[in-house]
Amino acid sequence: MKVQGRDCTLTLLKDNEYYPLPYSEETVRQASKGYALPGCIGIRNREKIVETGKSITGCVVTRLEYNNILALFLLLFYSNEKFDILVDRVCEKLIYKNVNVKEFQLRGENKNSLYLRLDVKENNDSFVTGWDINTPSLSWEPCRTFYFDGHSVIADLKKLPLVYRFELIGKFTEKAKYQITLYFPLSENHYPNQNRIEKLSITLDLKNGVSLDLYDLKPLDDMADINCADTVLCFQKFEVCGIVVFNIRNREQNTTVVL
């Protein structure tokens with residue numbers, strides 16, 4: 001991504017391995033921590049904020065590509081393990097050390113790129129530092145980008161006519177929680193219904209054998225519609241009560257990541 005005519009870079013570092021990412025968006029920053037002192041009654045005095053420290057917060061948004069998809073899903077699998085984020089913003093170069101994934105969102109829109117958003121959180125040993133002379137400046141190298149095909153979603157062995165968009169959200173608290181939202185045009189023969197789905201399969205890339213399987217989906221609410229100028233879109237939310245399985249099955253490898 002170019003900012004003011006220069007390239008910004010975004011790199012993840014885990015277990016001494018560097019993973020340059022397409023710079024789509026990032027908001028990783030240090031937010032102030034503290035408490036508020038109320039203004040005195042009867043005196044025109046504004047509320048004062050007492051700052052006690054800084055905390056690392058924000059998110060990273062990147063496209064899913066052949067070179068990064070496995071590393072990104074392994075970050076979700078090892079959500080308790082720490083990693084570093086190296087950011088070159090042209091005007092500053094910072095390293096956010098020892099952060100974890102707080103939650104994520106995987107989203108895809110029909111015939112568009114798949115995107116993964118990682119929300120990060122700090123730990124007791126997290127800190128921010130600048131780049132030193134030994135920090136490598138790694139540029140992202142273009143490779144095969146994964147696109148979402150809305151006609152490749154299967155629910156209980158039944159191919160759905162069209163899923164216009166999907167959003168899979170995962171939150172890593174004391175217990176991992178997953179929720180998926182399906183968007184689709186309203187039609188007489190279209191899914192979904194109010195029944196549980198035993199298995200929902202989403203093909204992320206047919207050529208490289210990349211897919212996502214979700215088990216035991218429970219509807220959270222009724223279908224809702226969004227009135228548009230030329231069509232009517234509906235969406236329905238499901239809680240994923242079972243496991244989330246990420247697969248890469250092609251000639252080069254056979255990998256399964258279970259969340």
Side-chain angles (χ1 to χ4, degrees), residues 24 59-64 68-70 72-77 79 101-120 146-187 189-206 209-226 228 231-249 255-259:
S24 298
C59 69
V60 169
V61 181
T62 186
R63 295 195 309 273
L64 291 186
N68 66 32
I69 189 168
L70 180 57
L72 290 172
F73 270 86
L74 286 175
L75 275 184
L76 306 180
F77 180 76
S79 60
V101 177
K102 178 182 178 182
E103 60 182 82
F104 74 90
Q105 180 195 64
L106 174 62
R107 67 176 186 265
E109 189 171 304
N110 188 39
K111 299 182 180 180
N112 286 290
S113 305
L114 289 153
Y115 284 88
L116 181 68
R117 189 192 77 201
L118 301 175
D119 289 75
V120 300
F146 294 158
Y147 290 83
F148 173 58
D149 180 3
H151 298 278
S152 63
V153 181
I154 299 175
D156 291 339
L157 304 179
K158 177 184 177 182
K159 181 176 286 190
L160 307 186
L162 173 63
V163 174
Y164 179 77
R165 177 186 173 96
F166 80 91
E167 296 171 357
L168 173 65
I169 297 175
K171 298 183 179 181
F172 300 110
T173 53
E174 294 182 359
K175 182 180 179 181
K177 298 179 180 179
Y178 304 102
Q179 179 180 301
I180 188 169
T181 305
L182 302 179
Y183 297 80
F184 48 91
L186 183 63
S187 63
N189 61 343
H190 208 295
Y191 196 84
N193 53 37
Q194 297 302 310
N195 299 323
R196 279 182 179 257
I197 301 175
E198 293 184 7
K199 180 182 178 181
L200 181 73
S201 297
I202 302 175
T203 300
L204 303 183
D205 187 79
L206 183 61
V210 183
S211 63
L212 192 65
D213 296 331
L214 300 92
Y215 292 84
D216 194 9
L217 275 63
K218 172 183 146 183
L220 289 176
D221 48 27
D222 293 334
M223 291 184 291
D225 66 295
I226 307 171
C228 302
T231 186
V232 176
L233 289 180
C234 297
F235 69 90
Q236 188 171 26
K237 296 180 182 292
F238 294 86
E239 178 185 357
V240 183
C241 301
I243 58 176
V244 176
V245 183
F246 169 73
N247 305 293
I248 298 180
R249 294 194 179 100
T255 305
T256 300
V257 178
V258 181
L259 304 182

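Here, residue 1 is the first one in the sequence, and each next residue gets the next number.
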Nearest-0.5 Å distance, [atom1] of residue [X] to [atom2] of residue [Y]:
| X | Y | atom1 | atom2 | value |
| --- | --- | --- | --- | --- |
| S201 | L157 | OG | CG | 8.5 Å |
| L162 | L182 | CG | CG | 11.0 Å |
| C241 | L217 | SG | CG | 7.5 Å |
| Y115 | E167 | OH | CD | 14.0 Å |
| E239 | D216 | CD | CG | 9.0 Å |
| F238 | Q179 | CZ | CD | 10.5 Å |

Do [Y] and [X] meet the salt-bridge criterion of a basic N to acidic O distance under 4.0 Å?
| X | Y | value |
| --- | --- | --- |
| E103 | R117 | yes |
| R196 | E198 | no |
| E109 | R165 | yes |

Check: [Y] main-chain N/O paired with [X] side-chain donor or acceptor under 3.5 Å:
| X | Y | result |
| --- | --- | --- |
| N68 | R63 | yes |
| H151 | L160 | no |
| T203 | D205 | no |

Do [X] and [Y] have side chains that get closer than 4.5 Å, going by heavy atoms?
| X | Y | value |
| --- | --- | --- |
| F246 | V244 | no |
| L168 | F104 | yes |
| Y215 | I197 | no |
| P219 | K237 | no |
| V257 | L74 | yes |

So does L206 have more than 12 non-hydrogen atoms from other groups sitting under 6.0 Å from CG?
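Open.
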
Neighbour count above 12 (heavy atom, 6.0 Å) for F172 CZ
yes

Stepwise side-chain contact (heavy atoms from CB on, under 4.5 Å) check, I180 with L214
CA-CA 9 Å; I180 188 169; L214 300 92; 4.3 Å; yes

Intermediate values then yes/no, side-chain contact (heavy atoms from CB on, under 4.5 Å), Y178 and I169:
CA-CA 6 Å; Y178 304 102; I169 297 175; over 6 Å; no

Taking all heavy atoms of [X] and all of [Y], pick out the closest pair and write down the distance.
| X | Y | value |
| --- | --- | --- |
| V153 | G150 | CG2-O, 4.3 Å |
| T256 | R249 | OG1-NH2, 3.7 Å |
| L118 | L72 | CD1-CD2, 4.1 Å |
| L204 | F146 | O-CB, 3.9 Å |
| D119 | C59 | OD2-CB, 3.8 Å |
| K199 | D213 | CE-CG, 3.7 Å |

What do the steps show when you test F77 against L259 for side-chain contact (heavy atoms from CB on, under 4.5 Å), and what is the final call?
CA-CA 6 Å; F77 180 76; L259 304 182; 4.0 Å; yes

Between N247 and L212, is the side-chain contact (heavy atoms from CB on, under 4.5 Å) condition met? List the steps.
CA-CA 6 Å; N247 305 293; L212 192 65; over 6 Å; no

Quick check on the 6.0 Å ring-centre criterion: do F148 and F166 meet it?
yes

Would you confirm whether the ring centroid of F184 sits within less than 6.0 angstrom of the ring centroid of Y164?
no

Out of T255, V210, L106, I248, which residue meets the side-chain contact (heavy atoms from CB on, under 4.5 Å) rule with F73?
L106

